[in-house]
Undergrad: 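Okay, handing you the structure first.
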Amino acid sequence: MTDAFRPEARAPRGFIDKRAADLRAERRIVESVSAVYERYGFERLDTGAFEYADALGKFLPDADRPNEGVFALQDDDEQWMALRYDLTAPLARFAAQHWETLPKPFRRYAVGTVWRNEKPGPGRFREFVQCDADTVGSARPEADAEIIAMAVEGFAAAGLPQNDYVLKINSRKLLNGLLTSAGAVDPGQRLAVLRAVDKLDRLGVEGVRLLLGAGRRDESGAFTRGAELAGPAIEAVIAFVEAGGGARSATLDRLAGVIGGSAEGDEGLEELGRIGAALTSLGVAEDRAVFDPSVVRGLEYYTGAVFEAELLAEILDEKGQKVRFGSVGGGGRYDDLVARFTGQPVPATGFSFGVSRLAAALRASGLDHAAEARGPVVVIAFDAASMGEYFAAAAELRAAGLPAEVYLGASGMKAQMKYADRRLSPAAVILGGDEIASGQVTIKDLDLGRELAAKVADNRQWREDRPGQLTVARSELVAAVRRIVEAPR
RNA sequence: GCCGCCUUAGCUCAGUUGGUUAGAGCGCCAGAUUGUGGCUCUGGAGGUCCUCGGUUCGAGCCCGAGAGGUGGUACCA
């Protein structure tokens with residue numbers, strides 16, 4: 001027995017345990033965002049956690065395992081399945097599968113857990129919750145505008161103060177036009193330029209300039225290769241990324257000056273113009289949704305407008321260090337995703353709330369006003385012979401809608417009071433021999449007691465005062481407890 | 001993946017040039033208080049000093065390798 005195997009009690013990294021308070025915060029976000037989506041006429045869709053790996057587009061032609069980044073396993077028919085890494089790819093699969101019978105455009109929202117097999121960080125998990133809305137089957141820029149408006153409304157509904165978030169909007173078409181006019185034709189070089197542009201907020205203009213040219217060495221000594229653009233081309237790209245800021249129409253005017261002329265760029269400008277007009281009609285404030293030419297987003301499937309939601313409030317960790325949470329939501333237009341399955345191009349656009357990251361950020365920034373989860377009313381258990389009395393009292397409270405439980409541990413009364421205190425119970429119900437004999441019940445208001453205790457230093461007096469305690473007729477139990485539970489704290 | 005830093009009690013950490021039985025604060029449990037959560041006092045439990053190997057009479061401390069964590073960077077569909 002001495003050599004018995006003892007597993008270490010720990011969760012895999014990036015997988016976190018969420019307790020009542022965390023879950024309440026997440027649920028509050030999900031419920032408010034879902035309500036916004038439904039108000040805009042989106043219907044809910046749930047799909048399974050697993051998809052075939054090829055449906056996720058995560059199958060390397062030469063590898064016998066799906067690519068890094070997903071959690072994959074082989075079914076008993078040897079097909080590779082993978083846990084979904086977002087809610088968009090499953091939607092594309094669903095839309096392709098049911099395209100003939102769906103009402104089009106198909107407007108759906110989805111709430112669900114997604115999994116990514118990558119290195120975790122602050123606010124970055126390997127299992128997290130997203131809340132998506134997508135319109136499949138509309139190429140109108142107004143569809144994008146509506147998605148953006150919902151995102152802005154969603155953040156407000158989730159409880160973020162007006163000035164703590166912003167939605168940044170850009171278009172892949174602008175970026176493509178820029179790349180062409182900058183003379184970047186090689187796909188690898190185009191990719192390098194996009195990645196450099198994406199880092200503007202983190203590295204600043206000088207860092208981006210280095211990455212567009214020869215490359216950059218960071219403070220840890222690691223070297224990142226640059227895009228090797230020529231000098232004038234670098235300045236053109238810099239002028240482009242710096243054209244953001246201010247009112248939407250002003251940004252568009254500046255961008256037109258920088259990249260006007262290329263066919264794709266002009267197309268992007270026209271679409272952004274229509275998105276801007278629609279945002280104004282929808283009542284989206286100029287400073288909540290802005291055009292920002294440095295937004296790139298992931299590199300794979302976006303084909304037009306791209307959106308990214310950013311928290312503006314500075315967030316400090318327990319040690320007072322600044323924490324970078326990254327974007328708390330993003331999306332864009334992906335016109336080719338459904339075509340992967342059907343061969344027919346289907347225009348689509350959507351946005352995804354990073355619910356878990358947003359909850360973590362709210363928590364870290366103290367914006368999470370949710371009260372700590374209250375425990376139930378605790379019925380103190382004195383002796384086994386009277387268990388019936390305790391359970392009857394708990395049942396009465398429950399029937400009246402008041403959460404209640406009988407203490408089921410083995411400890412004495414003192415420990416039971418401590419237990420109720422730790423559970424943040426509003427009240428303890430004391431049904432000892434004396435009370436039962438006299439047809440009464442003693443109820444202790446734990447909040448009130450806590451308050452009164454602050455003024456009492458002497459232990460004897462504290463014990464004799466029994467602060468916050470009252471004894472009533474047994475028949476008054478529910479009414480008396482209700483008064484305590486419903487009293488304003 | 002690459003670079004840096006870190007790893008001692010549940011948590012935060014101290015631990016002298018390598019030298020008996022590895023400590024503190026907080027937390028936890030119990031008692032003072034036969035039926036009362038706070039405060040105070042007293043007592044108690046709790047440790048493969050990350051792992052493996054090496055050097056040494058002797059290693060928490062020195063050396064090597066590995067693992068885990070963390071920060072940056074890369075990637076992020």
Side-chain angles (χ1 to χ4, degrees), chain A residues 2-3 6 8-10 12-14 53 55-59 66-70 82 84-89 92 114 116-122 124 126 191-192 195 198-199 202-203 207 211 215-225 296-302 317-319 321-324 326-327 330 332 334 337 340 352 354 375 378 380-383 411-425 427-435 442-469 471:
Chain A
T2 50
D3 289 338
R6 293 258 166 71
E8 193 182 341
R10 58 184 188 133
R13 66 204 172 109
L56 292 179
K58 268 293 166 180
F59 209 86
N67 198 357
E68 298 288 308
V70 296
R84 62 187 178 201
Y85 55 80
D86 71 9
L87 297 174
T88 307
V114 304
R116 295 186 188 184
N117 190 5
E118 47 188 39
K119 181 178 151 188
R124 182 168 169 156
R126 290 161 94 194
L191 203 65
R195 284 176 181 159
D198 196 35
K199 292 183 175 57
R202 216 140 39 84
L203 303 181
L211 284 176
R216 172 178 179 275
R217 187 173 299 281
D218 65 55
E219 62 267 35
S220 78
F223 181 75
T224 308
R225 274 191 58 192
V296 175
R297 299 287 305 159
L299 300 158
E300 210 81 12
Y301 56 49
Y302 293 119
D317 65 16
E318 316 82 59
K319 291 170 182 161
Q321 303 267 314
K322 239 189 276 184
V323 182
R324 189 189 314 271
S327 71
Y334 49 98
L337 212 48
R340 286 189 57 237
S352 176
V378 171
I380 303 293
F382 285 89
D383 72 291
S411 300
M413 181 173 183
K414 186 181 167 79
Q416 295 188 40
M417 294 301 297
K418 212 166 175 172
Y419 170 83
D421 189 37
R422 197 172 300 178
R423 291 289 306 272
L424 277 181
S425 298
V429 170
I430 299 168
L431 268 170
D434 298 348
E435 282 87 354
T442 298
I443 299 157
K444 183 147 186 154
D445 182 334
L446 293 171
D447 290 334
L448 183 59
R450 204 174 285 115
E451 207 177 293
L452 296 174
K455 300 172 197 151
V456 182
D458 177 62
N459 183 258
R460 191 177 311 277
Q461 193 199 341
W462 145 257
R463 286 169 61 82
E464 282 170 4
D465 279 3
R466 293 188 168 162
Q469 197 161 313
T471 299

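Values in this document were obtained by computation on a predicted structure and should not be read as measured data. In what follows, every chain begins at residue 1, and chains take the letters A, B, ... in the order their sequences are listed.
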Undergrad: What nucleotide among B/U36, B/C75, B/U73 has an atom nearest to a side-chain atom of A/Met413?
TA: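 Of all the options, the side chain of A/Met413 is nearest to B/U36.
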Undergrad: Starting at atom CZ of A/Arg422, determine the distance to atom P of B/U36, rounded to an integer number of angstrom.
TA: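 After rounding, the gap between these two atoms is 18 Å.
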Undergrad: Verify the contact: side-chain N or O of A/Arg450 to OP1 or OP2 of B/G37, cut-off strictly under 4.0 Å; return yes or no.
TA: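 Indeed not, no polar side-chain atom of A/Arg450 lies that close.
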Undergrad: Please compare A/Ala415 and A/Glu435 by the position of their nearest nucleotide in RNA chain B and report the one closer to 5'.
TA: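 By nearest-heavy-atom nucleotide position, the 5'-most residue is A/Ala415.
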Undergrad: What is the separation between atom CG on A/Asp198 and atom P on B/C75, rounded to the nearest whole Å?
TA: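 Atom CG in A/Asp198 sits about 9 Å away from atom P in B/C75.
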Undergrad: Would you kindly give the CG-to-P distance between A/Leu446 and B/G38, to the nearest whole Å?
TA: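 In whole Å, B/G38 P and A/Leu446 CG are 12 Å from each other.
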Undergrad: Quick one: is B/G72 close enough that its OP1 or OP2 comes under 4.0 Å of any side-chain N or O from A/Lys119?
TA: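 It does not, given that no N or O in the side chain of A/Lys119 lies less than 4.0 Å from OP1 or OP2 of B/G72.
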Undergrad: Output the rounded distance in Å from CG (A/Asp434) to P (B/U36).
TA: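 After rounding, the reported distance stands at 12 Å.
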Undergrad: Does a salt bridge link A/Lys418 with A/Asp421, judged by any charged N lying under 4.0 Å from a carboxylate O?
TA: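 Here A/Lys418 does not pair with A/Asp421 in a salt bridge, since their nearest N and O are not under 4.0 Å apart.
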Undergrad: Looking at B/A74, I'd like to know if its phosphate oxygens (OP1 or OP2) sit under 4.0 Å from a side-chain N or O belonging to A/Arg202.
TA: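 Answer is yes, contact under 4.0 Å.
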Undergrad: Within the structure, does a side-chain N or O atom of A/Arg84 lie under 4.0 Å from either OP1 or OP2 of B/A77?
TA: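 So the side-chain polar atoms of A/Arg84 never come under 4.0 Å of the phosphate oxygens OP1 or OP2 of B/A77.
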Undergrad: Under 4.0 Å from OP1 or OP2 of B/U73: is there any side-chain N or O of A/Arg216 that close?
TA: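 For B/U73, OP1/OP2 do not have a side-chain N/O of A/Arg216 under 4.0 Å.
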Undergrad: For atom C1', what is the distance between B/U34 and B/G25, given to the nearest Å?
TA: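 That atom pair is separated by 34 Å.
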Undergrad: Between B/U34 atom C1' and A/Gln416 atom CD, what is the distance in whole Å?
TA: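 Computing the A/Gln416:CD to B/U34:C1' distance gives 15 Å.
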Undergrad: Return one dot-bracket line describing RNA chain B 5' to 3' (Watson-Crick or G-U wobble pairs, both distances under 3.5 Å; ( ) same strand, [ ] crossing, | another strand, . none).
TA: (((((((..((((.....[...)))).(((((.......))))).....(((((..]....))))))))))))....
